[in-house]
Amino acid sequence: MSIVVLTGAGVSAESGVQTFRGGGGLWEGYDVTEVATPEAYANDPDLVLRFYDQRRRAVSATKPNAAHVALAKLEAELGDDLLVITQNVDDLHERAGSRRVLHMHGTLNTAWCTGCDERSPITNDLLGRPACPHCGKTLLRPDVVWFGEYPYGLDRIDDALSSATTFAAIGTSGVVYPAAGFVMAAREYGASTAELNLETTGLSDLFDDSRQGPASQIVPGWVDEILNSWG
Ligand code: BV8
């Protein structure tokens with residue numbers, strides 16, 4: 001038995017991290033396409049860097065919620081039989097204790113040097129154009145996958161889905177691909193599928209089990225059910 005969990009912004013919502021499509025489609029006051037594309041970065045790098053610096057600071061002031069904690073507890077019991085794939089760029093899964101987390105859309109706390117292609121932890125706002133610790137150039141961008149860019153770990157994800165007995169999507173609207181297509185792949189591979197979300201989504205009918213409620217309330221119970229049936 002192996003489980004693949006895909007999380008989206010909804011799993012961090014109760015920690016105070018804004019979702020993408022919650023606040024009227026604006027994202028910390030910006031339209032997503034204004035800031036989360038290579039074109040936006042080329043047109044106005046300061047706007048994009050300021051946006052990510054602001055989000056990084058906002059996330060650092062938040063704490064994991066009971067949903068993150070429950071998934072970390074699930075990993076403590078299942079070990080390598082659980083993989084958490086997250087679309088989120090925050091580090092709340094890790095701060096709750098999860099170790100096997102695949103950030104398919106990158107992470108807020110890592111910088112990517114477009115000069116030497118190396119990644120490094122972010123210690124200062126990128127707006128100040130800090131030097132890359134590897135090559136010294138001031139060409140650091142957020143290590144975040146923007147629209148039109150290739151997500152990370154797709155081969156590993158397909159491999160995990162192909163052997164999963166259970167696939168669960170938690171707190172994601174199922175709008176952004178290729179993540180939104182994982183449930184179809186899981187079904188084709190023969191996994192049972194569960195959706196845990198505040199409300200139904202456009203993909204809810206594709207899930208064997210679709211549960212509505214706040215993640216901090218419904219994820220712990222789902223994890224306990226999984227653990228009780230494990231063995
Ligand atoms: C790509 C990082 C080439 C940035 C993000 C078909 C196939 C492949 C690509 C496409 C395709 N069709 C269109 C595309 C292009 C595009 C796309 O999908 N566009 C959409 C808008 C139509 N995709 C891409 O560009 C991707 N790359 O395609 O490369 C390729 C081609 C083929 C195969 C492979 C690759 C790259 C997309 C990545 C963009 N980067 N984030 C950053 O964070 O700054 S996207 C961003 O929005 C998130 O990462 C996330 O992935 C996405 C969706 O957000 P959600 O997490 O779902 O959050 P949302 O706000 O939408 O919903 C929140 C949900 O939570 C809601 O359902 C709500 O009900 C629920 N909720 C709220 N509160 C709670 C709750 N649930 C529980 N409890 C609560 N308390």
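This one's a predicted model, so the numbers in the text were calculated from it and none came from an experiment. Both ligands and their constituent atoms are indexed starting at 1 by order of listing. Quick note: residue numbers are just sequence positions, from 1.
No side-chain heavy atom of L6 sits less than 4.5 Å from a side-chain heavy atom of T86.
At least one heavy atom of Y52 sits closer than 4.0 Å to an atom of ligand 1. Ligand 1 is approached by R55 to a heavy-atom distance shorter than 4.0 Å. Ligand 1 lies out of reach of A179, whose nearest heavy atom is not under 4.0 Å from it.
At a 4.0 Å heavy-atom cut-off, ligand 1 touches V176 through backbone and side chain alike. Using a 4.0 Å cut-off between heavy atoms, A13 contacts ligand 1 through its side chain alone, with no backbone atom that close.
Annotation: N228, atom CG; neighbour count of heavy atoms from other residues, nucleotides and ligands within 6.0 Å is above 12.
Among V175, N197, L154, the residue whose heavy atom lies nearest to atom 20 (C) of ligand 1 is V175. Comparing F20, W146, Y177 by heavy-atom distance to atom 46 (C) of ligand 1, the nearest is F20. The residue among G10, G8, A169 with a heavy atom at the shortest distance from atom 65 (O) of ligand 1 is G10.
D208 and S192 share no side-chain donor-acceptor pair at under 3.5 Å. Side chain to side chain, T200 and Q212 fail the donor-acceptor criterion of an N or O pair below 3.5 Å. T165 and S2 are not linked by any side-chain donor-acceptor pair at a separation below 3.5 angstrom, with hydrogens and angles left out of the test. For the residue pair D143 / Y52, no side-chain donor-acceptor distance below 3.5 Å is found, with atom types taken as modelled.
Contact detail for S12 and N88: the closest heavy-atom pair is OG-ND2, 3.6 Å.
Between R211 and E199 there is no salt bridge, since no side-chain nitrogen of the basic residue lies less than 4.0 Å from a carboxylate oxygen of the acidic one. Note on D125 versus R50: no salt bridge recorded, every NZ/NE/NH1/NH2 to OD/OE distance being 4.0 Å or above.
Heavy-atom contacts of V144 reach the following atoms of ligand 1: 2 (C), 4 (C), 42 (C), 44 (O) (cutoff under 4.0 Å). Within ligand 1, counting atoms from 1 as listed, the ones closer than 4.0 Å to a heavy atom of P214 are 78 (N). Interface of G171 with ligand 1, defined as ligand atoms under 4.0 Å from a residue heavy atom, comprises 63 (C), 64 (C), 65 (O), 76 (N). Close contacts of ligand 1 with E14, meaning ligand atoms under 4.0 Å from a residue heavy atom, involve 78 (N), 79 (C), 80 (N). Near G148, with a cut-off below 4.0 Å to any heavy atom, the atoms of ligand 1 are 24 (C), 25 (O). Those atoms of ligand 1 that come under 4.0 Å of a heavy atom in A9, given as number and element, are 55 (P), 56 (O), 58 (O). Close contacts of ligand 1 with E199, meaning ligand atoms under 4.0 Å from a residue heavy atom, involve 69 (O).
Checking each of E94, Q87, H93 against H103 for a side chain to side chain donor-acceptor pair (under 3.5 Å) leaves exactly one that passes, namely E94.
The salt bridge (Lys or Arg N to Asp or Glu O under 4.0 Å) search around D81 returns none, not counting sequence neighbours.
Looking at P151 next to ligand 1, no N or O pair under 3.5 Å apart turns up. Checked by distance only, ligand 1 and V89 stay at 3.5 Å or farther apart across all their nitrogen or oxygen atoms. By the 3.5 Å distance cut-off applied to N or O atoms, E149 is counted among the residues near ligand 1. Note: no N/O pair closer than 3.5 Å links N88 and ligand 1 by distance alone. Taking distance alone, with nitrogen or oxygen atoms compared against 3.5 Å, L198 approaches ligand 1 more closely than that limit. For G174, no nitrogen or oxygen atom sits less than 3.5 Å from a nitrogen or oxygen atom of ligand 1, counting backbone and side chain alike.
F182 and V175 end up in different hydrophobic clusters when Ile, Leu, Val, Met, Phe, Trp and Tyr side chains are linked at under 4.5 Å. A single hydrophobic cluster is seen to contain both Y189 and V4, as judged by linkage of ILVMFWY side chains at heavy-atom distances under 4.5 Å, directly or through other members.
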